[in-house]
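Report on one structure; see the data block that follows.
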Amino acid sequence: MNSETLLLRQVNPGFVQLGRPTSQAFRPTPKDECLLSVDDGSLIQPKASWERFTREPDRHSAGVMAVTFAECSGQELPVNEDRVPFPEHCSIDFNGLSESSIRKKAKALARHAVERDWLYRESQ
Amino acid sequence: MNKQEFLKPKLTGARFQNATVPLELLKDFSALQEMLVEVAKWEFRNSHPDRERTPRNFTAEVDLHLTSVEEGCAILTISLVFATLFPASSNLTYFEQARTDIVEAIASAEHGSTPRLPPNLLNYFDRFGRGLRTGESISFEREGRQATLTPDTRNRLMHYAQVKEWTEEAALRVRIPEADKGRGSFEMERSDGTKLKGDLSDLYQDAILGAFANYNTGHDEYVLIQGIVRKDRNNRLGRFESIEHVTPLDPLDVTLRLDELAKLEDGWLDGKGKAPAKEKLEWIAATFESSFDTGLSLPHLYPTAEGGVQAEWSLNDWEVSLDIDLEKREGSYQALNVKDGTCKELILPLEDREGWSRLNEALRQLEIENVEERPSEL
């Protein structure tokens with residue numbers, strides 16, 4: 001993984017309105033133990049990442065967006081290459097941050113992802 | 001011309017603050033006058049079973065006028081106006097009985113008992129009371145007590161009227177799957193999939209055909225249809241009887257989006273994710289419509305994993321969110337300048353005007369900043 005590696009993020013359909021994702025798609029929910037799941041874009045393509053995600057029961061994704069490793073570093077967010085439960089899996093680590101700080105960093109990541117645009121949309 | 005105070009209905013509800021009455025509600029009082037005349041004739045015939053008709057001049061010299069609006073939400077004074085120095089006293093008795101009959105019919109329905117008036121006369125409540133919205137009422141004095149007409153009471157009266165259908169004022173957000181200029185009709189589709197018919201008129205044809213052209217194109221256009229719609233005893237809406245306004249909706253229309261969020265079910269977020277409660281969404285939709293500054297950009301709206309709603313605005317360098325806790329009726333506002341990292345945060349009570357004023361002001365400041373920073377196009 002290098003600084004320009006894309007970290008692929010699945011966006012729930014409820015988190016999209018008129019093609020715009022909410023910044024919530026780029027922050028962990030309270031049940032995620034402060035870790036935001038992403039796929040290593042150097043190992044899997046957006047479409048394949050979406051297909052694997054949506055094959056799981058109860059999993060829905062409107063499409064795939066991405067931030068880079070460098071953009072996470074710019075927000076002082078470590079990226080853990082945990083490779084669990086599958087080899088491409090990574091986590092953006094929000095541990096130790098206040099709620100306010102998590103929201104700010106999520107907004108900054110979302111802005112980067114929106115500027116990059118969708119890498120894969122469900123309808124494609 | 002002489003007058004005599006006849007009725008003092010009290011109107012309660014937000015629209016009647018400061019002793020004002022929307023002109024559109026005067027249609028209801030026009031229907032009340034028609035009802036009063038017909039009930040008075042009915043009373044006359046009851047007293048004169050040998051006569052088939054009421055006297056020719058029975059109503060000729062009598063008219064109802066709105067003579068004042070007093071404070072107290074709004075208290076109307078409705079007076080009988082006579083063309084002569086004195087009313088024909090025998091006829092006046094029937095109008096007074098009719099007034100009592102109508103007020104007692106409302107009181108009966110309020111308490112769940114069958115009104116004394118026959119169904120054909122109760123049918124006038126199709127138009128009298130139709131303009132009332134949820135939370136509004138018209139009260140009448142009756143020997144120290146009150147009889148109160150609300151949308152619920154009116155519904156009961158319409159059941160006692162034994163009609164299959166009656167009419168309601170409606171404001172529906174719909175798509176247009178079908179429009180036929182030749183036949184002069186079109187079809188509306190509500191977000192729950194139910195369909196209604198309406199007549200196509202030159203007054204709003206362009207808006208309807210525009211929305212029809214975009215149906216199921218991926219750029220669906222919704223329109224707000226306001227008018228009178230027929231409704232059956234099972235509360236199913238039928239055909240629009242008349243259409244007063246057709247307004248193309250902003251794609252970010254708040255009520256429309258909150259209607260979509262109301263369809264979410266628990267588990268919507270990959271098996272997690274609490275669905276927002278429908279009645280709480282109705283509250284925020286109504287509050288938003290009444291308190292959010294219409295001059296500001298509309299937000300995108302999203303559900304939160306905790307069953308709340310998050311509003312978001314992207315205003316040039318600013319990313320703004322308002323995380324709305326529907327239980328506490330409180331919003332956490334955060335505006336982040338993604339270029340320089342400046343951040344503004346507020347906790348806003350959304351149950352009162354003050355919280356919304358602060359939100360409006362905070363957004364206005366950011367929008368002004370955007371305009372000032374934008375380079376001149378000249």
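Here is how names work: the chains are called A, B, and so on, in the same order as the sequence lines, proteins then strands, and each is numbered from 1.
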- Item | Side chain / backbone / both / neither for B:T304 at chain A, heavy atoms under 4.5 Å | both
- Item | Proximal component of A:P21, with respect to chain B [non-hydrogen, under 4.5 Å] | backbone
- Is chain B contacted by the side chain of A:S23, its backbone, both, or neither, given a heavy-atom distance below 4.5 Å? both
- Note on the structure: Greatest number of non-hydrogen atom pairs under 4.5 angstrom with chain B, of A:R59, A:Q17, A:Q24, falls to A:Q17
- Least distance between heavy atoms, B:D266 atom then B:A275 atom: OD1-N, 2.7 Å
- Message: Using every non-hydrogen atom in the two residues, find where A:F94 and A:P28 come nearest and quote the distance to one decimal.
- Response: CD1-CD, 3.4 Å
- Item | Proximal component of A:V16, with respect to chain B [non-hydrogen, under 4.5 Å] | backbone
- Task: Answer yes or no: is there an ion pair linking B:R364 with B:E367, defined by an N-O contact shorter than 4.0 Å?
- Result: no
- The interface call for B:E345 against chain A, heavy-atom contacts under 4.5 Å, is side chain
- Verdict with reasoning, A:E71 to A:R9, per salt bridge (charged side-chain N to carboxylate O under 4.0 Å, His left out): CA-CA 14 Å; A:E71 287 160 355; A:R9 174 71 183 156; over 6 Å; no
- Query: What part of B:L264 is in contact with chain A, defined as an atom under 4.5 angstrom from a non-hydrogen atom: side chain, backbone, both or neither?
  - Reply: neither
- Query: Given a strict heavy-atom distance threshold of 4.5 Å, which part of B:L261 is in contact with chain A: side chain, backbone, both, or neither?
  - Reply: neither
- Task: Inspect the contact between B:E260 and B:R257 and indicate whether a charged nitrogen and a carboxylate oxygen are less than 4.0 angstrom apart.
- Result: yes
- Message: Tell me if the centroids of the rings in B:Y333 and B:W313 come within less than 6.0 Å of each other.
- Response: no
- Message: So which residue, B:E306, B:H300, B:Q310, ends up with the most heavy-atom pairs under 4.5 Å with chain A?
- Response: B:H300
- Note on the structure: A:C90 and A:V79 have their tightest heavy-atom pair at CB-CG1, 4.2 Å
- Message: Is A:T29 close to chain B through its backbone or its side chain, or both, or neither, when contacts mean heavy atoms under 4.5 Å?
- Response: side chain
